[in-house]
Each structure stands twice: as C-alpha cells, then as structure tokens.
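One structure is given below, encoded as structure tokens.
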Amino acid sequence: MTHAEQIFGYRFPNVDCAIAIVTLSRRLAELAASHGWTLETWQEGGLGDASGVFLRLGSGRTVLLMELRHEIEHFGASGPTAFIDGAVLATHGVADLLAEVLAALGLTEHDVSWIATAGSQQSAIDFVNDMRNLPPPPSVGSPDSYMHTVNPREDDIEIECYGELDRDRYPIRWIRKYPDGGFETCSYAQANWRDMMPEGVIPTVSEINDLSGFSAREISASEFEATWRLALGFN
C-alpha cells in the first residue's frame, strides 16, 4: 500500500471541475477508522450532508473522498466517491489515477461499485482547453481590509456580504448570505468567477452607509476567515 496523507483546508484549483473517477463499495467511516483519518463534515450545495477527507497521494496529487448521506440512505450508494482535479485527469487519464488511488488505500477493483469511463478524460481536456481560451482573472493585490455589509432585504438577492479587499478595494474573496441562511463563497480561484465575483472597486464603508437601507462595517481578518469556513460548510 502506498502512502496517502490526509490534508486539511485544501480546495481544488478549479472547484467546478472536480471530476468523479470511482465510487467505492466500502463505507467512508470504515476506511477512516482503518487509516486514522479525521472525517470532515459540511453541507454540499444542493446535495445536503456530506462527509469526506482530502488525501495527498504519493505522487503529490490530491484526491477528495466524499460521501453524501442522502445518496447512502435513499439511493443505495455503497461508499464515498473519489474526485480529482480536472486538469490532473486531463493529463493522466482515469486508468492511471484509479490505480494510484486504489493502491494508496490498499483496495482493489473488487472494492469499487462504479468507475468513470475513458470519456471523462476527454471532458476534462475540453474543460481545460476552454479555460485557456478565456481571459485571465484580474490582477489584485494582497489582502488589505475586510468588510461586512447588510443590504435591504429582497427575496432574490443576498442580505449580507463579507468581503476581502486589496489596497485599491478590489475584491479578492467574497461571501454572500441569503435570506434562507445559506451561504455562497466566490474567489478568482473558482472556474465560474466571472459569474460570481463583484465587478470593480468596492465602495468604502462610509459610502455604503450613506445609501438608504444599507449598512457596513470594517471587520477583522479572523472574523472573515471564520465566516469563510462557516460558509464552506465545515464544522
């Protein structure tokens, strides 16, 4: 069995291109107990309660093992699904990555219930090529300030925002909180940043407070980071 090290606080470079390569027939809790992993739990957008581990394989590549409670309880899922970054899949293909994951976990194909087809590699290649043809994200500076805003309540927009800003007040990371209590995070590391990130310079706290129905305040880096982790759904 090759080495697989659990890592914490990791996110795939392209969060919208984390591609499933295999579903295991062994429950995640069983695997965690045998390998000494600490399971993380969160709310997966639109899919409910999730648990999982990020593992760094011997090659340095990272895999996410994620198990959804709804799939286990209602759809007969047998165990966690392994996800890999699309750029890695585009380069190495399903067969090689599958072999590496199973070897790292001490498993064989008898311990799997589903394997991605070879066509998954082509889908990943197409995604990577599409990304290369798009304009890059804007250049922003280092984090300089953090803010929290409360907006007039409307059913179809967020009611609160948390922002990490550079010296020129361009957003680096952004959090939206909606009327139902749900959160949404966005940054230029995400593949869909063009749809999610605010455009241009963010007004100052005093400028926002001059707008009817709005309020804003400066917050600390630690408050922003705590909210960011909460918004990601980690307990």
Side-chain angles (χ1 to χ4, degrees), residues 1-45 47 49-69 71-72 77-116 118 120-121 123-125 127-128 131 137 172-173 185-193 225-226 228-235:
M1 180 172 63
T2 59
H3 183 62
E5 174 192 6
Q6 183 175 8
I7 56 177
F8 297 89
Y10 182 84
R11 292 294 176 271
F12 287 118
N14 296 307
V15 296
D16 287 341
C17 194
I19 299 178
I21 59 170
V22 63
T23 299
L24 304 175
S25 57
R26 302 269 296 275
R27 291 296 303 275
L28 183 57
E30 175 191 347
L31 293 170
S34 63
H35 289 274
W37 302 330
T38 300
L39 289 184
E40 297 190 77
T41 60
W42 65 93
Q43 287 290 309
E44 187 68 14
L47 299 173
D49 295 340
S51 58
V53 291
F54 277 98
L55 303 173
R56 181 176 290 119
L57 305 178
S59 64
R61 292 186 279 270
T62 300
V63 63
L64 166 65
L65 296 184
M66 182 176 72
E67 192 172 86
L68 296 171
R69 188 174 72 177
E71 288 188 349
I72 295 291
S78 53
T81 296
F83 292 84
I84 201 87
D85 181 69
V88 175
L89 177 57
T91 302
H92 298 282
V94 173
D96 287 350
L97 294 172
L98 173 64
E100 183 179 13
V101 169
L102 293 180
L105 301 180
L107 304 176
T108 71
E109 290 195 18
H110 294 293
D111 299 301
V112 309
S113 59
W114 172 84
I115 298 173
S120 297
Q121 182 179 14
S123 297
I125 291 171
F127 176 87
V128 171
M131 292 298 297
I172 302 170
R173 289 184 292 169
T185 62
C186 47
S187 73
Y188 293 117
Q190 296 174 234
N192 65 340
W193 65 264
E225 293 296 343
W228 181 265
R229 185 168 177 82
L230 176 65
L232 290 173
F234 288 97
N235 298 326

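The chain is numbered in sequence order, starting from 1. Side-chain atoms are counted along with the backbone in the values below, which use heavy atoms only and exclude waters and symmetry mates.
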Legend entry - Set of side-chain contact (heavy atoms from CB on, under 4.5 Å) partners for Ala20, sequence neighbours left out: Thr81, Phe83, Trp114

Legend entry - Any residue meeting side-chain contact (heavy atoms from CB on, under 4.5 Å) with Ala77, in chain and number order, not counting sequence neighbours: Glu71, Ile72

Determine whether [X] and [Y] make a side-chain contact, defined as any pair of heavy atoms from C-beta on separated by less than 4.5 Å.
X	Y	answer
Ile115	Glu109	yes
His92	Arg61	yes
Leu89	Ser120	yes
Val101	Ile84	no

Legend entry - Partner of Leu55 by side-chain contact (heavy atoms from CB on, under 4.5 Å), out of Ile7, Leu105, Thr62: Leu105

Legend entry - Rounded distance [0.5 Å steps], OG in Ser187 versus CD1 in Ile172: 10.5 Å

Inset, instruction - Kindly state each residue pair satisfying salt bridge (Lys or Arg N to Asp or Glu O under 4.0 Å) with at least one member in residues 87-96, sequence neighbours excluded. - result: none

Inset, instruction - With side-chain contact (heavy atoms from CB on, under 4.5 Å) as the test, would you mind laying out the steps for Leu232 and Trp42 before giving the verdict? - result: CA-CA 7 Å; Leu232 290 173; Trp42 65 93; over 6 Å; no

Inset, instruction - Report yes or no: does Glu67 contribute a side-chain atom to a donor-acceptor pair with the main-chain N or O of Arg27 at less than 3.5 Å? - result: no

Legend entry - Ion pair Arg69/Glu44, N-O distance below 4.0 Å: no

